[in-house]
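Here's the structure, in structure tokens; my notes come after.
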Amino acid sequence: MNSTLNDANPDSSTEPVLSVRNLQTVFRTDRELIRAVDGISFDISKGETLGIVGESGSGKSVTARSIMGLVDSPGEILPKSSIKFNGEELTEYTDAEYQQIRGSGIGMVFQDPLKSLNPVYTVGNQIKEALRINRGISGQEATDKAIELLEDVAIPDPARRLKEYPHEFSGGMRQRAVIAMMLACDPDLLICDEPTTALDVTIQAQIIELLQDLQEERDLAILFITHDMGVIAEISDRVNVMYAGEFVEKAPVTELFENPKHPYTEGLLDAIPGTNAEKERLNTIEGDVPTPNEQATYCRFAPRCPKAFEDCEQVHPVHVPISEDGEHSAACLLYPEDRSTEEAVEYHRERGREAEDVPEGDHA
Ligand code: SF4
């Protein structure tokens with residue numbers, strides 16, 4: 001596969017903030033090797049939001065944790081995986097170096113803000129501590145800066161709220177407080193893993209708007225992970241659709257919604273409420289995401305795919321450019337569209353063999 005295919009923002013003249021190549025994160029058990037993330041590649045540039053969407057179990061959160069250096073044993077990132085942040089290879093970092101980058105360069109917002117907030121300290125203390133450790137700011141200056149940060153995330157009456165504990169905040173306010181704490185570290189990259197999933201739709205919309213405003217002000221690169229196609233549509237510039245550890249389709253957001261190509265993406269879009277007005281019931285994709293415990297020598301979506309045919313069980317699809325600029329690609333044996341099924345399957349076989357010959361190739 002073309003290693004630049006849809007990995008970079010073509011308008012960006014600068015180096016990507018985050019550049020991931022052939023990321024493979026596995027979990028070893030006594031009986032098997034689970035390939036939670038299986039050879040994915042992508043870039044994110046300053047001021048850009050890349051959305052990763054897929055059902056639960058597709059490998060999205062493991063991707064986020066791999067970037068953050070938070071994969072615990074029995075999980076491991078395989079050699080030849082590359083995660084470059086501002087040009088630095090993170091897979092070679094020690095725990096101490098990772099600790100530093102988590103504090104200063106990369107911020108992470110989880111679904112549950114209480115994972116990031118300590119219940120026994122006031123919100124103000126926690127923001128001030130982040131300012132002290134990461135930016136050497138303390139005393140009154142830290143208090144003023146903490147108030148400013150709470151203002152930035154639109155928390156009303158910030159001087160008072162600074163003295164309150166996390167349990168005194170509502171769910172939406174807690175998530176804002178976490179974002180303020182992340183901003184205290186002045187990150188270049190914000191990784192958001194289902195940050196709005198536990199919130200009601202109004203608060204969800206407010207948090208998305210807040211992230212967009214902060215991104216514009218600070219030129220933040222954002223990796224936004226969710227199972228929710230509606231949220232992805234709101235926030236992303238580009239979208240990578242993930243299934244069983246692999247990316248199956250990559251496209252700019254409008255293109256993905258207007259012209260989906262992979263049967264899995266079509267299934268996800270069909271399941272969005274409101275997109276099937278003429279139908280009585282929402283379509284759902286039958287079955288669950290399989291646990292990827294063997295090498296992908298076939299299409300992992302085949303057991304659930306309404307368009308599957310015999311070869312899907314035997315040939316692993318590679319990414320095929322859909323748009324001329326390569327920004328849109330899909331990994332499915334139905335493409336290239338202008339070839340017969342036999343020719344298309346041969347195309348995938350050949351590309352698959354070529355990728356095997358290039359150990360550091362770009363797989364998904
Ligand atoms: S390769 Fe086959 S099973 Fe996989 S998505 Fe395409 S048609 Fe469906």
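Note that this is a predicted model, so its numbers are computed, not measured. In each ligand, atom 1 is the first atom listed, and ligand 1 is the first ligand listed.
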Query raised in the report: Strictly by modelled atom types, are Thr226 and Asp228 linked by a side-chain donor-acceptor pair under 3.5 Å?
Result: no

Report task. Establish, from distance only, whether the side-chain atoms of Glu255 and Ser323 form a donor-acceptor pair under 3.5 Å. Result -> no

Report task. Report yes or no: do Tyr93 and Gln100 form a side-chain donor-acceptor pair below 3.5 Å? Result -> no

**Report entry** Electrostatic pair Glu350-Arg353, nearest N-O below 4.0 angstrom
**Finding:** no

Query - Ionic contact status for Glu266 with Lys307, cut-off 4.0 Å - result: yes

Query raised in the report: Is Arg300 positioned over the aromatic face of Tyr243, cation under 6.0 angstrom from the ring centre and no more than 45 degrees off axis?
Result: no

Query raised in the report: Can you count the protein N, O or S atoms that lie less than 2.8 Å from atom 6 (Fe) of ligand 1?
Result: 1

